[in-house]
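See structure below.
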Amino acid sequence: MAGGRPFRPSAPRRAAFAALLTLLLLATLSFLLSSAPAASTRSSPSPPSSRLAAIRRHAADHAAVLAAYAAHARKLKEASAAQSVSFSALSSDLSALSSRLASRHSLPEDALKPLEKEARDRIKVARLLAADSKESFDTQSKIQKLSDTVFAVGEQLARSRRAGRMSSRIAAGSTPKSLHCLAMRLLEARLAKPSAFADDPDPSPEFEDPSLYHYAVFSDNVLAVSVVIASATRAAADPSRHVFHVVTAPMYLPAFRVWFARRPPPLGVHVQLLAYSDFPFLNASFSPVLRQIETGQRDVALVDYLRFYLPDMFPALTRVVLLEDDVVVQKDLAALWHVDLDGKVNGAVEMCFGGFRRYRKYLNFSQAIVRERFNPSACAWEYGVNVFDLEAWRRDGCTELFHQYMELNEDGALWDPTSVLPAGLMAFYGNTKPLDKSWHVMGLGYNPSISPEVIRGAAVIHFNGNMKPWLDVAFNQYKALWTKHVDTEMEFLTLCNFGL
């Protein structure tokens, strides 16, 4: 205050202030001392911290892998005692190296380079040892190989015709991932218990009995195929007379076998599961489709073109009904085996009306060979439910005719090679008998205005189009017609986020 004596801090305050200064000084010295080695390390030619950290992570990862191999070898008693000891010893060495690398700041500079070299050498040995043992012990690596194959071979789910050139909304959704997840979960189940699922089950005599009702389904979508079979079985008057031949890509066959082993076909229906690799005649020298795919000329899914080889795949059969994997069967289809095709090869429902959906829509009539052989006003039919007389097919050489057109369309000038329908329209031109429209009501994947009466009267309803019933964008008014046939007790559906 004015005129008073100057302010002097009390003794306790002076002590506190001194202590604070002392702490700040100690913190500064600690920071300088700790940063000095790092600075000298950066200026020296010794290895940078980021590289040593990466090496340490690699060492730790390989240590964990080899420790797992050691435990697996002991558990399954498949590896020798010496191999188990090698795994354990090398895992211990790598763990110790990882610990030394973690405390590298406390090591002198001249010890860092030898430590780095030792770690790299031991990691190299571990990598070689692990690589030699993967096939025996590493189940996860097998699953990853299958996963890589699923994505690499044709990207089946993304570019499949039945998944349909989806809109950006569909492509951004989660459902294609769910289908892939389902396939991988089924593969994992098979790898976990390989003895529970036969690799090559004994064929049933019903598979070659021409007196029974035979269906062919070509698909990589195990969930969709299960619905086709379940719905057809429930609609059949005598399911034991119905035989389904399911053909898929080799990488999906184990998933199909797991599904149908866990959920056997009901009511005595017969299901044969095959991969197209089971048919030796399907090779590039015989099939122009395979040749064009293998040479990179065609970016198509082979499974879509297998329909053109039905007589060769099933030589003992005389009549087969082809069902697409996006259909639901609502009535007994046994009568299709008694439909008179008038000596023709193909029975199908036509889809033209007025001037729409005629041959001019699917074929390029600017090409001379198309103009010479086809009528642009001819009515187009649709795949989904097709009755094929295999004896008439063999008689008329329809597969050879299909091959001829595939070779003529090698440059894609005759029709859009990404669509399989034009090839069928050409191969069976003049050889198709129209079926009554009630056998096959189509459009549930693109037309929201189909009347309930028409749907109820249909033997088969077809979700052709982009709005597939297993997708989030499916039409709500139709979706229950499909989901009611889904086996929701299959645990993998919940794990893979199917919103059913």
Side-chain angles (χ1 to χ4, degrees), residues 161 207-208 210 214-219 243 245-250 272 274-295 297-298 300-324 336-337 341-348 359 362-363 369-370 372-374 378 380-433:
R161 178 185 60 78
F207 295 159
E208 297 184 349
H214 293 265
Y215 304 86
V217 185
F218 301 108
S219 175
V243 183
H245 306 270
V246 179
V247 186
T248 187
Q272 182 182 28
L274 299 163
Y276 52 68
S277 56
D278 292 326
F279 302 96
F281 70 86
L282 282 175
N283 54 67
S285 61
F286 172 71
S287 168
V289 181
L290 271 148
R291 184 175 67 253
Q292 292 169 14
I293 291 174
E294 291 180 3
T295 58
Q297 294 175 280
R298 287 285 176 271
V300 297
L302 176 59
V303 72
D304 284 339
Y305 285 86
L306 296 177
R307 66 194 68 201
F308 293 103
Y309 300 102
L310 280 169
D312 302 288
M313 289 177 152
F314 308 108
L317 304 183
T318 57
R319 182 171 286 206
V320 168
V321 170
L322 174 67
L323 296 177
E324 294 283 15
L336 287 175
W337 275 263
L341 295 181
D342 296 332
K344 296 183 177 180
V345 174
N346 176 31
Y359 268 53
Y362 304 97
L363 304 179
I369 189 170
V370 176
E372 292 167 1
R373 298 191 182 187
F374 305 99
W381 47 267
E382 175 65 299
Y383 281 118
V385 182
N386 297 80
V387 185
F388 286 112
D389 184 334
L390 301 187
E391 292 181 320
W393 184 321
R394 298 181 186 105
R395 177 199 67 206
D396 294 346
C398 293
T399 298
E400 291 75 12
L401 189 59
F402 161 70
H403 283 175
Q404 180 186 64
Y405 288 129
M406 286 298 297
E407 289 170 347
L408 289 170
N409 195 47
E410 196 161 358
D411 59 355
L414 303 188
W415 75 85
D416 177 5
T418 63
S419 175
V420 72
L421 178 59
L425 295 177
M426 298 177 80
F428 304 116
Y429 180 68
N431 224 341
T432 297
K433 170 72 177 292

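For the single chain, residues carry numbers from 1 onward in sequence order.
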Is Arg373 close enough and on-axis enough to Tyr429, meaning under 6.0 Å and within 45°, for cation-pi?
no

Keeping the roles fixed (side chain from Thr248, backbone from Ser219), state whether a donor-acceptor pair exists under 3.5 Å.
yes

Looking at Asn409 and Trp415, would you say the former's side chain and the latter's main chain have a donor-acceptor pair under 3.5 Å?
yes

Do you know the tightest heavy-atom contact between Pro288 and His403?
CD-CD2, 3.3 Å

Walk me through it: do Phe314 and His214 pass the test ring-ring contact (aromatic ring centres under 6.0 Å, His included)?
CA-CA 10 Å; Phe314 308 108; His214 293 265; 8.0 Å; no

With rounding to the nearest 0.5 angstrom, report the SG to CG distance, Cys398 to Leu310.
11.0 Å

Angle class for the Phe286/Tyr309 ring planes (parallel below 30°, perpendicular above 60°, tilted otherwise)?
tilted

dist Leu341:CG -> Lys433:NZ (nearest 0.5 Å) comes out at 6.5 Å

From Lys344 atom NZ to Asp389 atom CG, the distance as rounded to the nearest 0.5 Å:
13.0 Å

Specify whether Phe428 and Trp393 have parallel, tilted or perpendicular ring planes, treating 30° as the upper limit for parallel and 60° as the lower limit for perpendicular.
perpendicular

Has Tyr276 got a side-chain atom pairing as donor or acceptor with Phe218's backbone, closer than 3.5 angstrom?
no

Please round to the nearest 0.5 Å and tell me the distance separating atom OH of Tyr405 and atom CD1 of Ile369.
6.5 Å

Distance, nearest 0.5 Å, that separates OG1 of Thr399 from CZ of Arg307:
13.0 Å

Between Phe402 and Ala427, the two heavy atoms sitting closest are CB-CB, 4.2 Å

So, the side chain of Arg319 versus the backbone of Glu391: is there a donor-acceptor pair under 3.5 Å, distance only?
no

Derivation and outcome, salt bridge (charged side-chain N to carboxylate O under 4.0 Å, His left out), residues Arg291 and Glu407:
CA-CA 10 Å; Arg291 184 175 67 253; Glu407 289 170 347; 3.7 Å; yes

Nearest 0.5 Å please: distance from the CD atom of Gln297 over to the CE atom of Met406.
9.5 Å

Indicate, with yes or no, if the rings of Tyr215 and Trp337 have centres closer together than 6.0 Å.
yes

